[in-house]
Amino acid sequence: MQVHSLQLQPTKKAYFASDFHLGVPKKESREREIKIVAWLDSIKDDAQYVFLVGDIFDFWFEYKHVIPKGMLRFQAKILELIEQKIKIFFFTGNHDMWLFEYFSEELGIPIFREPIYLKINEKSFHIGHGDGLGPGDKKYKFLKKIFASPVAQWLFAKIHPDWGIALAKNWSKHSRLQGTKKGEEKFLGEDEWLWIYCKEKEKMQHNDFYVFGHRHLPLDLPVGESARYINLGEWLHHCTYAIFDGENMSLKTWQ
């Protein structure tokens, strides 16, 4: 098991956010993008690391010479943070799993496709988007294997971008995002599958923090005696994120 190690400088912090779903719906996405850029601008003075934990884009597919248009404000702000020596980490989610080399080659951002183990200072983390983890949801887990296959990606790449991106946006209309209002995502109690996943992982190896997105609910729950499961929520309604100051982790809401 590979464990990455990072060290926060005094007064610096690590920030975590997920599920921006930029690109859908178009008008609301532009407003959401402006809000996210303002949040990123607000943290640039004390941020050392920024973790973008999946579903940052509602759809992303990199053709050989084409990437989806839009989201330029967000990309420009990310570039600005990088130029200020802030390290960005990008995790793919179920909506943007077809992000390939563009961000790593153009911006030097490492891309993670599976959950990772990480140490920041003396605290241990298990971080990932969260899709396909825990019990149940066998239908999605099967579909994920298909979408992640090189054959499926090669076939999609053969579709003209105008058709391929239109097809993907039409698919998004049937996702749980469309029409979902704040409060409609319900806490499942002991049946929360990511919470179950964290508890099972904790039995095998202790981590101080389990950090995931995907669930669209901001959650801070105990795992065993001394660990916590943090779900980052989303930016369609909650606008929540997490801060780690080298010792403590807390969920915040961007106003």
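It should be emphasised that the depicted structure is a prediction, and the values quoted were computed from it without experimental measurement. One-based numbering along the sequence shown.
Looking only at side-chain heavy atoms (C-beta outward), R32 and H21 come within less than 4.5 Å of each other.
Under a hydrophobic-cluster definition in which Ile, Leu, Val, Met, Phe, Trp and Tyr are linked whenever side-chain heavy atoms come within less than 4.5 Å, directly or via other members, L81 and L79 are assigned to the same cluster. Note on Y102: it clusters hydrophobically with V50, by side-chain heavy-atom contacts below 4.5 Å among ILVMFWY residues.
Side chain of N207 to main chain of Y117: no donor-acceptor pair is present (N/O by atom type, distance under 3.5 Å, no hydrogens or angles). A distance-only check finds a donor-acceptor pair linking the side chain of N231 to the backbone of G233 [under 3.5 Å]. Judged by distance alone, the side chain of E33 and the main-chain N or O of F74 form a donor-acceptor pair under 3.5 Å.
Within 6.0 Å of the CD atom in E122, the count of heavy atoms belonging to other residues, nucleotides or ligands does not exceed 12. More than 12 heavy atoms of other residues, nucleotides or ligands lie within 6.0 Å of CZ in R228, so this atom counts as buried by the packing criterion. For Q84, the CD atom sits in a packed shell: over 12 heavy atoms of surrounding residues, nucleotides or ligands are nearer than 6.0 Å. Atom NZ of K35 is surrounded by 12 or fewer heavy atoms from other residues, nucleotides or ligands within 6.0 Å.
Smallest separation of non-hydrogen atoms from P110 and I88: CD-O, 3.3 Å. Smallest separation of non-hydrogen atoms from P115 and H126: CB-CE1, 3.5 Å. Scanning all heavy atoms of the two residues, the minimum distance from I86 to K44 falls at CD1-O, 3.5 Å. Among all heavy-atom pairs drawn from Y210 and C198, the shortest one is CB-SG, 3.4 Å. Taking both residues in full, the closest heavy atoms of L194 and G213 are given as CD1-O, 3.7 Å, listed atom of the first, atom of the second, then distance. Nearest heavy-atom pair across Q48 and K12 is OE1-CB, 3.4 Å.
Ring to ring, F16 and F51 are close: their centroids are under 6.0 angstrom apart.
By the 4.0 Å N-to-carboxylate-O rule, K199 lies too far from E202 to be salt-bridged with it.
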Ring pair (Phe, Tyr, Trp, His ring centres under 6.0 Å) evaluation trace for F125 with F209: CA-CA 5 Å; F125 292 75; F209 302 104; 5.2 Å; yes
- In sequence, state the C-alpha distance, the side-chain angles, and the governing distance for H4 and F89, and then conclude on ring pair (Phe, Tyr, Trp, His ring centres under 6.0 Å). CA-CA 12 Å; H4 305 262; F89 301 86; 8.1 Å; no
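Rounding to the nearest 0.5 angstrom, the gap separating the CD1 atom in I230 from the CG atom in D208 is 11.5 Å. Atom CG in N94 sits 5.0 Å away from atom NE2 in H214 (nearest 0.5 Å). Within the model, atoms CD1 of I127 and CZ of F91 stand 5.0 Å from one another, a figure rounded to the nearest 0.5 Å. Going from atom CG of D96 over to atom CG of D55 covers 5.5 Å, rounded to the nearest 0.5 Å. Atom CZ of residue R30 and atom CE of residue M71 lie 10.5 Å apart, to the nearest 0.5 angstrom. Atom-to-atom distance recorded for L217:CG and K186:NZ is 9.5 Å, nearest 0.5 angstrom.
Not a single side-chain hydrogen bond (donor to acceptor under 3.5 Å, both in side chains) links T240 to another residue, sequence neighbours left out.
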Below 3.5 Å, can you tabulate the donor-acceptor pairs from side chains in residues 242-255 to any protein atom, sequence neighbours excluded?
| residue | atom | partner | partner atom | Å |
| --- | --- | --- | --- | --- |
| D245 | OD1 | E247 | N | 2.9 |
| D245 | OD1 | N248 | N | 2.7 |
| E247 | OE2 | K123 | NZ | 3.4 |

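Taking the six-membered ring for Trp and thresholds of 30 and 60 degrees, F187 and W195 have ring planes inclined between 30 and 60 degrees apart.
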